[in-house]
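When reading the values below, keep in mind they use all heavy atoms of this one structure, side chains included, and skip hydrogens, waters and symmetry mates. Reminder, nothing fancy here: chain letters follow the sequence lines and each chain counts from 1.
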Protein chains: 2
Amino acid sequence: MVVTRMVASACNGRGQEMPDKLDDVARLAGVSAATVSRALRGVPGVAERTRTRVLAAAAELGYAISPAASSLATGRTGTVGVIVPYVDRWYFARLISGVERVLRDAGLSLLLYNLGDDPGRARFFADLPLRRRVDAVLVLSLPLKESERELLRGLGTPLVTIGTEEPGADSVGIDDHGAAVTAMRHLVQLGHREIAFIGENAPIPLGFTTPLRRLAAYREVYHGACREDGRAPDPAFETGGGFTVAGGERAMGALLGLRRRPTAVFAASDEMAFGALRTLRRAGLRVPADVSVLGFDDHDLADLLELSTVAQPVAELGERAGKLILARLSGGKIATSPSILGTRLVLRGSTAPLAGR
Amino acid sequence: MVVTRMVASACNGRGQEMPDKLDDVARLAGVSAATVSRALRGVPGVAERTRTRVLAAAAELGYAISPAASSLATGRTGTVGVIVPYVDRWYFARLISGVERVLRDAGLSLLLYNLGDDPGRARFFADLPLRRRVDAVLVLSLPLKESERELLRGLGTPLVTIGTEEPGADSVGIDDHGAAVTAMRHLVQLGHREIAFIGENAPIPLGFTTPLRRLAAYREVYHGACREDGRAPDPAFETGGGFTVAGGERAMGALLGLRRRPTAVFAASDEMAFGALRTLRRAGLRVPADVSVLGFDDHDLADLLELSTVAQPVAELGERAGKLILARLSGGKIATSPSILGTRLVLRGSTAPLAGR
DNA sequence: GTGAAAGCGCTAACAC
DNA sequence: GTGTTAGCGCTTTCAC
């Protein structure tokens with residue numbers, strides 16, 4: 001009978017069911033619950049022999065501390081909340097992946113909150129489901145309204161952001177403006193003067209600032225080039241693609257409808273650039289012979305589509321943010337915020353010198 | 001001094017710091033803690049007037065229940081654990097997005113566990129960090145070893161899977177085999193006989209079964225077609241691409257190196273098909289004139305790349321799984337498992353009739 | 001180095 | 001309907 005039961009109960013040879021408590025381990029190890037607690041958490045003040053004995057007992061029972069009880073007693077949760085505007089876009093998925101890796105290595109769990117649409121965002125901040133549920137909060141590429149920021153800070157946990165800077169938060173990001181300027185200059189150096197931009201449509205749905213910074217860089221360089229030539233910049237060259245392939249397609253379509261057509265296009269994301277490529281192809285235009293296209297991100301498929309782009313180290317941004325969290329959590333000192341990672345221009349087949357005319 | 005403190009403590013005009021307790025609300029509302037608890041959770045047995053009074057008091061204090069204390073008392077956590085092999089691949093990110101949406105709507109939180117590599121996977125099952133941390137577990141497209149399954153079932157929580165069937169778990173998925181057969185038949189009907197397959201390389205890293213089912217369908221149709229013609233199937237036509245673009249590129253390269261070249265290729269994922277497209281393009285071969293390519297998934301960019309493919313409703317799979325979890329959690333009865341969602345063949349520009357020779 | 005006891009903040013019986 | 005009373009399972013002084 002016993003044998004049967006042991007086989008049936010599987011998994012570790014003992015008929016262990018979930019409800020094992022600290023005291024069970026204590027009894028088995030012949031010590032008090034307090035000692036077990038200390039031993040299991042590796043805090044100093046337990047004799048080595050005792051510790052090993054406790055560990056053995058715990059292992060035998062397949063025991064694991066109850067996070068709820070532990071967190072009630074300590075106030076710590078072992079969890080970090082990650083707030084994102086999207087999870088199924090390349091950039092965000094990649095970011096999450098990077099963050100997750102370092103949190104996991106540190107033994108922390110990741111609670112994922114996707115804001116969804118605007119009502120969803122409002123509900124999130126009204127309910128604040130991560131309140132008292134996390135030890136730290138990470139906000140991914142999502143500029144916060146002041147009220148939202150205050151709510152998050154009111155949580156009393158470290159706050160880290162990627163891609164935006166918020167007072168009271170550590171942040172990691174890239175030099176959006178500088179990278180975009182470099183990209184634009186590349187187009188200008190190729191001889192392009194009629195350069196269009198595909199960025200975000202206003203009003204910006206979830207309030208990104210990134211597109212704004214890239215737009216500013218675009219204007220800086222494009223207007224500068226126009227000025228040198230004594231021509232007027234064309235405001236119709238500033239379009240929005242909503243950071244999606246379909247949006248990029250539409251934006252490019254609009255640009256092709258202009259009397260004055262651009263000879264080069266700078267898209268604030270690769271996905272929009274992909275869309276632009278498609279519209280161009282369908283219109284029978286060749287890239288880069290007829291139109292140069294430059295993206296931003298270095299999406300997994302940019303290489304496949306021969307897209308020239310600005311590469312940013314997305315996974316590393318996530319990892320860096322994760323490490324920042326770990327540092328804050330362990331009370332370590334933080335290097336001067338924000339921490340900026342490098343980008344680089346990756347030239348592939350979608351940009352070329354302006355064809356002489 | 002008091003004023004200074006209140007200002008410093010910021011955040012909502014009241015000097016409220018995190019540690020608000022049920023009793024504070026009770027005192028303010030002039031009722032007992034038990035009543036507050038009942039009112040806040042919306043359980044029946046509280047007079048309407050009382051409830052509103054309590055709600056008002058709670059709102060005034062900006063009070064929210066402590067999840068840790070609540071979960072210690074009830075045993076419920078309001079959280080579901082989602083286990084994935086990858087988070088930054090299109091299919092998984094999409095799945096997660098779908099699941100998250102329904103969990104969020106139901107007020108549940110999502111704890112994300114990315115297994116990472118094999119050691120990571122081993123560590124995950126050794127530590128089982130979600131133990132006692134979640135009310136249910138969802139496993140995404142990840143066939144479990146028996147020991148792993150038993151560990152998860154030992155958690156005593158509902159177990160739901162997507163893309164795999166596990167004893168003791170509810171599951172949702174697609175008819176992989178049927179969909180792949182349909183895809184292959186399409187190629188055969190186009191006149192193709194030399195059809196290659198890009199699937200998973202053995203040994204399978206994280207143990208997918210999906211590729212196996214698609215491979216089986218490939219063989220069934222391809223071998224059948226060969227038999228009719230009295231030719232021998234070419235085993236070299238079965239290649240592995242690791243479900244990545246780069247893998248697909250390599251696999252296609254290998255296929256082009258064969259003396260007997262395929263006239264059509266069926267890839268078990270769009271990403272691998274993308275890679276194949278690229279290799280073909282680089283080799284100077286035209287798609288579909290020289291080689292037809294058929295994918296599987298209907299990735300966001302399949303449309304962009306004119307890839308014919310088998311569309312599967314990924315987000316819906318996630319949503320369905322989420323709903324299954326909600327049903328289990330509310331003790332509802334579950335429809336006969338597994339629940340299979342439909343797929344459809346999407347014909348775009350990458351497949352065409354075999355050019356007459 | 002180890003144990004006893006007092007919470008952590010909530011919920012669930014059980015009375016009233 | 002509402003209040004009282006025990007816990008839920010751990011951590012943490014404070015003694016020893």
Side-chain angles (χ1 to χ4, degrees), chain A residues 16-55 57-58 61-79 107 129 131-135 155-156, chain B residues 16-55 57-58 61-79 107 129 131-135 155-156:
Chain A
Q16 143 269 32
E17 298 292 295
M18 281 270 70
D20 268 325
K21 320 146 86 101
L22 206 49
D23 307 80
D24 298 338
V25 180
R27 209 168 305 124
L28 211 176
V31 295
S32 75
T35 299
V36 174
S37 173
R38 289 191 269 252
L40 255 32
R41 284 175 305 145
V43 305
V46 180
E48 205 39 47
R49 297 189 52 246
T50 316
R51 186 185 304 282
T52 50
R53 194 146 37 89
V54 170
L55 261 31
L61 259 36
Y63 172 81
I65 286 177
S66 152
S70 175
S71 120
L72 179 56
T74 61
R76 266 170 279 109
T77 63
T79 298
R131 185 195 303 223
R132 309 211 204 182
R133 227 182 249 284
V134 300
D135 293 340
L155 258 26
Chain B
Q16 146 269 30
E17 297 292 293
M18 280 271 70
D20 268 324
K21 318 144 87 96
L22 207 49
D23 306 81
D24 298 337
V25 181
R27 208 169 304 121
L28 211 177
V31 294
S32 74
T35 299
V36 174
S37 173
R38 289 191 270 253
L40 255 32
R41 285 175 301 148
V43 305
V46 180
E48 205 39 46
R49 296 190 52 246
T50 317
R51 185 186 306 281
T52 50
R53 193 146 38 87
V54 170
L55 260 31
L61 258 35
Y63 172 82
I65 286 178
S66 153
S70 176
S71 117
L72 180 55
T74 62
R76 266 170 279 109
T77 62
T79 298
R131 186 195 302 219
R132 308 210 206 184
R133 228 182 247 283
V134 300
D135 293 340
L155 257 27

Closest listed nucleotide, where the reference is the side chain of [X] and the choices are [options]:
X	options	answer
A:R41	C:dG9, D:dT12, D:dT2	D:dT12
A:T35	D:dT2, D:dG9, C:dG3	C:dG3
B:A47	C:dT11, D:dG1, D:dT4	D:dG1
B:R76	D:dG3, C:dA12, C:dT2	C:dA12
A:S37	D:dT2, D:dG9, D:dT11	D:dT11
B:L72	D:dT12, C:dT11, D:dC8	D:dC8

Legend entry - Nearest non-hydrogen partners of A:R132 and B:S66, listed with the distance: NH1-CB, 3.5 Å
Round to a whole Å and report the spacing from [atom1] of [X] to [atom2] of [N].
X	N	atom1	atom2	result
B:L22	C:dT11	CG	C1'	9 Å
B:R27	D:dG3	CZ	P	14 Å
B:D23	C:dG7	CG	C1'	13 Å
A:R133	C:dG9	CZ	C1'	14 Å
B:E48	D:dG1	CD	C1'	13 Å
A:R49	C:dG1	CZ	C1'	12 Å

Inset, instruction - To the nearest 0.5 Å, tell me how far B:L28 CG sits from B:L61 CG. - result: 5.5 Å
Inset, instruction - State whether B:K21 and B:D24 are salt-bridged, where the test is any N-O pair (Lys NZ or Arg NE/NH1/NH2 against Asp/Glu carboxylate O) under 4.0 Å. - result: no
Inset, instruction - Return yes if the base of C:dG3 and the side-chain atoms of A:R38 contain a donor-acceptor N/O pair under 3.5 Å, otherwise no. - result: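 Result: at least one qualifying N/O pair found.
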Inset, instruction - Would you kindly check whether a donor in the side chain of B:R132 faces an acceptor in the base of D:dG9, or vice versa, at under 3.5 angstrom? - result: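 Between D:dG9 and B:R132, which were checked side chain against base, a qualifying N/O pair under 3.5 Å is absent.
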Legend entry - Given DNA chain D, 5'-ward residue of the pair B:T74 and A:A33, judged by closest heavy atom: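 Between the two, 5'-proximity favours B:T74.
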Legend entry - Exam field: side chain A:R38 to backbone A:V43, donor-acceptor pair closer than 3.5 Å: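 Side chain of A:R38 to backbone of A:V43, a donor-acceptor pair under 3.5 Å: no, none is there.
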Legend entry - B:R133 (side chain) donor-acceptor with B:T79 (main chain) under 3.5 angstrom: no
Inset, instruction - Give B:T50 one of three labels, base, sugar-phosphate or nothing, depending on what nucleic acid heavy atoms sit under 4.0 Å from its own. - result: sugar-phosphate
